[in-house]
Amino acid sequence: MTEQIKILLNGAAGKMGRAMAAGILGEADMQLVGAVDRSCIGCDIGELSGGVAIGVKVSDDLAASVKRCGADVMLDFTTPEAVMRNIRTALSAGLPCVVGTTGLTAADLEEAEALALANDAPLFVAPNFALTAVLMMRFAAEAAKYFPHYEIIEIHNDRKMDAPSGTALYTAQMIGREREPFAQGALNSFETLPGCRGGDYQGARIHSVRLPGVVAIQEVLFGGPGQMLSIRQDSTNRDCFFPGVALALRRIRSLHGLVQGLEKLL
Ligand code: NAP
């Protein structure tokens, strides 16, 4: 039997944490050795994820769990406020990290990359682990070469903390490599209700919708004389994220420093 990848799951009691725990527990080459969250302390992660007890209880102490559970990798799906602290704790202890939590700033990533290199512990970060989302971003970057006028509409559940979504920002950054910055829309336009034109990324506009009942939807709209192109991706449930997460967990030990984006592993 091949050696199992030992995983410490942070944010284990959250929506993504539970879905990822269920996925990990279904893989023969993976073992869930630790679970951390600030909710559901003492609950068994096997039961929390909808299965049977596996004897791994949720702890609220990441540093102690890193020391105790002998993990090969930390998987983080927590919150934008908590994620940098978690990354610092894991990387400082030499523990590689796969991070799906969004909201990391450029300064955060710079600090995290330095930590990853100094501790010889790789860090993989992806704003979206769904393959259709990766394709949507790639197709959007391609379309922007021919249609530089674009706007993004992203829709997420109403408990999401950060806006725009990590996926929307990452899409705008990818498009930014193909498009010169310019203000989208009429030059002298104005808002009678502040915020109506959305967030401004190099002159392109991003609109964040927050509604109950949604997992994740993003549409990138391109306009040209007499034509429009719409590239849309829907995540209808959280199962779509696990194959990408599993790929990152299997590949993390072969990476060096900071690697960003699932497309780098495909
Ligand atoms: P969620 O349901 O709110 O889960 C987050 C969990 O982290 C909660 O249980 C929360 O506890 C816990 N938490 C908060 N602070 C913590 C800390 N310091 N240490 C440990 N646990 C802590 O959110 P979610 O929907 O699972 O999403 C989690 C993150 O993943 C978000 O940033 C989201 O944008 C991102 N996401 C990424 C992808 C991707 O493909 N990369 C896909 C979906 C979501 P409390 O409930 O007590 O606050």
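Please read all numbers here as calculations on a predicted model, not as lab measurements. For ligands, and for the atoms within them, numbers begin at 1 and follow the listed sequence.
For atom 15 (N) of ligand 1, the candidate residues are K160, E81, R238, R38; the nearest heavy-atom contact is made by R38. Comparing heavy-atom distances from atom 46 (O) of ligand 1 across S39, P127, C40, A130 singles out S39 as nearest. Relative to atom 6 (C) of ligand 1, the option among L48, T101, V58, D37 with the closest non-hydrogen atom is D37.
Considering every non-hydrogen atom in both S65 and V36, the closest pair reads OG-CG2, 3.5 Å. Contact between S39 and A13 at its shortest, heavy atoms only, is O-CB, 3.9 Å.
At least one side-chain heavy atom of M136 sits less than 4.5 Å from a side-chain heavy atom of V220. In this structure, the side chains of T102 and S165 stay at 4.5 Å or more apart for every pair of heavy atoms. Using a 4.5 Å cut-off on side-chain heavy atoms (C-beta onward), E27 and Q4 make no contact. Side-chain atoms of I5 and R253, non-hydrogen and from C-beta on, do get closer than 4.5 Å to each other.
Summary of contacts: the protein heavy atom closest to atom 33 (C) of ligand 1 is T102 OG1, 3.8 Å. The protein non-hydrogen atom at the shortest distance from atom 3 (O) of ligand 1 is K15 NZ, 4.0 Å. With respect to atom 20 (C) of ligand 1, the closest heavy atom belonging to the protein is N10 OD1, 3.3 Å. The closest protein non-hydrogen atom to atom 4 (O) of ligand 1 is G14 CA, 3.3 Å. Scanning the protein for heavy atoms near atom 40 (O) of ligand 1, the closest one is F129 N, 2.8 Å. Nearest non-hydrogen protein atom to atom 44 (C) of ligand 1 is M16 CG, 3.6 Å. Protein heavy atom nearest atom 28 (C) of ligand 1, with residue, atom name and distance: T78 O, 3.1 Å. In this structure, atom 16 (C) of ligand 1 lies nearest to the protein heavy atom A82 CB, 3.8 Å.
Polar contact check, F241 against ligand 1: no nitrogen or oxygen pair lies under 3.5 Å apart. The shortest N or O to N or O distance between A126 and ligand 1 is under 3.5 Å. Checked by distance only, ligand 1 and A13 stay at 3.5 Å or farther apart across all their nitrogen or oxygen atoms.
Within ligand 1, the atoms closer than 4.0 Å to a non-hydrogen atom of G11 are 7 (O), numbered from 1 in the order shown. Contact atoms of ligand 1 toward T79: 14 (C), 15 (N) (distance under 4.0 Å to a heavy atom of the residue). Distances below 4.0 Å separate heavy atoms of R85 from the following atoms of ligand 1: 18 (N). Each of the following atoms of ligand 1 lies closer than 4.0 Å to a heavy atom of G100: 30 (O), 35 (C), 36 (N), 37 (C), 38 (C), 39 (C), 41 (N).
K160 and S208 share no donor-acceptor pair across their side chains, judged by distance under 3.5 Å alone.
Paired with M30 under the rule side-chain contact (heavy atoms from CB on, under 4.5 Å), one option of D72, V73, L249 passes, and it is L249. Of the residues listed (R232, R205, R210), the one engaging E154 in a salt bridge (charged side-chain N to carboxylate O under 4.0 Å, His left out) is R210, and it is the only one. For the side-chain hydrogen bond (donor to acceptor under 3.5 Å, both in side chains) with T101, the lone residue among D76, T79, N86 that qualifies is D76.
Neither the backbone nor the side chain of M161 comes within 4.0 Å of ligand 1, counting heavy atoms alone. Neither the backbone nor the side chain of V83 comes within 4.0 Å of ligand 1, counting heavy atoms alone.
Using cut-offs of 30° and 60° for the angle between ring planes, the F124 and F129 rings count as tilted.
Although no hydrogens or angles enter the test, the distance criterion places no donor-acceptor pair under 3.5 Å between the side chain of E219 and the main chain of S230.
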